[in-house]
Number of protein chains: 2
Amino acid sequence: MTEKQPQTRIQRKNTAAILEAALDVFSQYGFRGSTLDQIAQTAGLSKPNLLYYFPSKEAIHTGLLSRLLDTWLDPLREMDPNGDPISELMGYIDRKLEMSRDYPRESRLFANEILQGAPRIMDAIEGELKSLVDEKTTVIRQWQDEGKIAKVHPYHLIFSIWSLTQHYADFDVQVRAVLGPDEVDPFPEAKTYIDTLFTKLLTP
Amino acid sequence: MTEKQPQTRIQRKNTAAILEAALDVFSQYGFRGSTLDQIAQTAGLSKPNLLYYFPSKEAIHTGLLSRLLDTWLDPLREMDPNGDPISELMGYIDRKLEMSRDYPRESRLFANEILQGAPRIMDAIEGELKSLVDEKTTVIRQWQDEGKIAKVHPYHLIFSIWSLTQHYADFDVQVRAVLGPDEVDPFPEAKTYIDTLFTKLLTP
DNA sequence: CGTGTTCCTGACCAAATGGTCAAACTTGGC
DNA sequence: GCCAAGTTTGACCATTTGGTCAGGAACACG
């Protein structure tokens, strides 16, 4: 998948800087709306130097996306089928919200890609992501059959968790604008609200 | 604001075709990722002809956005302070979900604009949109004080309605990919799920 | 210190992009 | 059927964009 380990210090530093800059730019403007010059400038490198480390604009984007998906699905992966249903689900929800708080650019990068029809990650979505969701919805269905949580549509439950948590990353500027300039950090209240919402929904 | 009425048939037809095509393109690729050639081709017109009707790429985009915001806020405007709280809120939620089903491109256009930092509609968001939300959250707070609906954070309640309903437009390809090829239309189940969710949340 | 490897850059290229314009073509109303 | 107004277009332009390349600079390491 990724390149082999033997990298020089400079290589590691610069590829990291490039991916960091690319995340900034791609997450805001999407693939087609972003330019190499912009990424180069943000990374503090020259454009030809970018292309020394990555063969093309697309390669940078792909590099970002592949790194992203793994960490992105981690919170869901961690949901333990043998744990307490409510705590497991609430734990997943909280981890997902924390990711929106701590990695908003990653969330936006993903959103941008999906908005454009997911041309570069459709495979991963239909494969890796769908498999994981299929697996976890089975667990949820089991919990429901055991009467541990309320019977709601498992797939839409997942969708609602994604949408509610990612909203605070993807629509951050709107959230802040509506809440007004006094509200410094919307996340604490968001957490309380979302916790209430899912507790009421899932308690049998 | 908009141009004066006296338009020829051709003008009306072509500006409509351009806005229609531009909605297709802008909603998918965002402002910077879209090209005039693409819009022109989609509209079945030549590029110079586009620029006969609109002075610039930006003007087309602005034209779209200003038309959008009005219709976009209509469902919330319709929420009647004197009606039954639960029915009014559920009605709003249902109307919002219907808009995601019937006007997904508009939803994506909006999402794209927000993702990019809302450079072209920040004014409207801080003004028109915020005012309306402020007004309606006041109503919600009143309903809560009267014990008609559960006490949850009014602003985050609005955010959650937006995020849940718009998710089915903005992340449509992901939703369909995860649900698999059998599921033709996710909206009926989505409606049922969302109705359940907010009923449980709002019932005191 | 020397030398092979890695890293970086300025100059360059072809294609794409937003936009202009004069000239040609349609259209509508008399 | 005429003509002024409205409409369309091909040719053109400056700038931007993704990408190349030859050569120079910095580095690693014996």
Side-chain angles (χ1 to χ4, degrees), chain A residues 2-65 109 112-113 116 119-120, chain B residues 2-65 109 112-113 116 119-120:
Chain A
T2 25
E3 267 80 60
K4 307 157 207 155
Q5 280 296 77
Q7 286 184 26
T8 68
R9 265 176 298 131
I10 297 179
Q11 257 170 48
R12 242 190 310 268
K13 196 194 68 176
N14 281 347
T15 51
I18 291 170
L19 288 174
E20 172 72 15
L23 181 56
D24 256 26
V25 178
F26 280 137
S27 67
Q28 208 179 347
Y29 300 107
F31 180 73
R32 286 182 37 169
S34 304
T35 72
L36 285 179
D37 287 287
Q38 220 182 334
I39 297 171
Q41 212 178 329
T42 308
L45 297 172
S46 68
K47 188 170 56 163
N49 206 6
L50 276 203
L51 294 162
Y52 171 74
Y53 290 100
F54 290 88
S56 67
K57 181 185 175 184
E58 183 126 19
I60 304 179
H61 194 251
T62 308
L64 269 183
L65 281 182
L109 179 71
N112 246 315
E113 184 63 13
Q116 297 182 18
R120 278 166 275 271
Chain B
T2 27
E3 269 80 58
K4 308 158 207 156
Q5 277 298 78
Q7 286 185 27
T8 68
R9 265 175 297 133
I10 296 179
Q11 259 171 48
R12 242 189 312 267
K13 193 194 71 179
N14 281 348
T15 51
I18 292 169
L19 289 174
E20 172 71 16
L23 180 57
D24 256 27
V25 177
F26 281 137
S27 68
Q28 208 179 346
Y29 299 108
F31 180 74
R32 287 182 36 170
S34 304
T35 72
L36 284 179
D37 287 286
Q38 221 182 335
I39 298 172
Q41 212 179 329
T42 308
L45 297 172
S46 69
K47 189 171 55 164
N49 206 6
L50 275 203
L51 294 162
Y52 171 72
Y53 290 100
F54 290 87
S56 68
K57 183 185 175 184
E58 183 127 19
I60 304 179
H61 195 251
T62 307
L64 269 183
L65 281 182
L109 179 71
N112 246 313
E113 184 62 14
Q116 297 182 17
R120 276 165 275 271

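Naming: A, B, ... by sequence-line order, numbering from 1 per chain.
- Between A:Y52 and C:dC8 there is no side-chain polar atom (N or O) within less than 4.0 angstrom of OP1 or OP2.
- Checked by atom type and distance alone, the side chain of B:K57 pairs as donor or acceptor with a backbone atom of B:S34 at under 3.5 Å.
- The CZ atom of A:F54 lies 11.5 Å from the CG atom of A:N49; values are rounded to the nearest 0.5 Å.
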Scan nucleotides 25-30 of chain C against the protein and return all N/O pairs shorter than 3.5 Å with their distances rounded to 0.1 Å.
residue, atom, partner, partner atom, Å
C:dG28, OP1, B:R9, NH2, 2.1

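- Partners of A:K47 under the salt bridge (Lys or Arg N to Asp or Glu O under 4.0 Å) rule, at least two apart in sequence or in another chain, are A:D37.
- Ring-plane geometry between A:F26 and A:F31 is classed as parallel, the angle between the planes falling under 30 degrees on a 0 to 90 degree scale with a further cut at 60.
- For the side chain to side chain contact (heavy atoms under 4.5 Å, CB included) with B:I18, the lone residue among B:L23, B:I60, B:T42 that qualifies is B:I60.
- Shown for residues 27-51 of chain A: residues whose heavy atoms fall under 4.0 angstrom of DNA chain C, namely A:S46, A:P48, A:N49.
- B:E20 pairs by the side-chain contact (heavy atoms from CB on, under 4.5 Å) definition with B:R105, not counting sequence neighbours.
- Nucleotides of DNA chain D that come within less than 4.0 Å of any heavy atom of chain A span, from the 5' end to the 3' end, D:dT17 to D:dA28.
- Closest-nucleotide positions on DNA chain D for A:S56 and B:N14 were compared, and the one nearer the 5' end corresponds to B:N14.
- Under the ring pair (Phe, Tyr, Trp, His ring centres under 6.0 Å) criterion, B:Y29 pairs with no residue, sequence neighbours left out.
- In this model, no donor atom of one side chain and acceptor atom of the other lie less than 3.5 Å apart for B:Q28 and A:R32.
- Note that CG of A:L45 and CG of A:N14 are 5.0 Å apart. Values are rounded to the nearest 0.5 Å.
- In this structure the side chain of B:N112 reaches within 4.5 angstrom of the side chain of A:N112, judged on heavy atoms.
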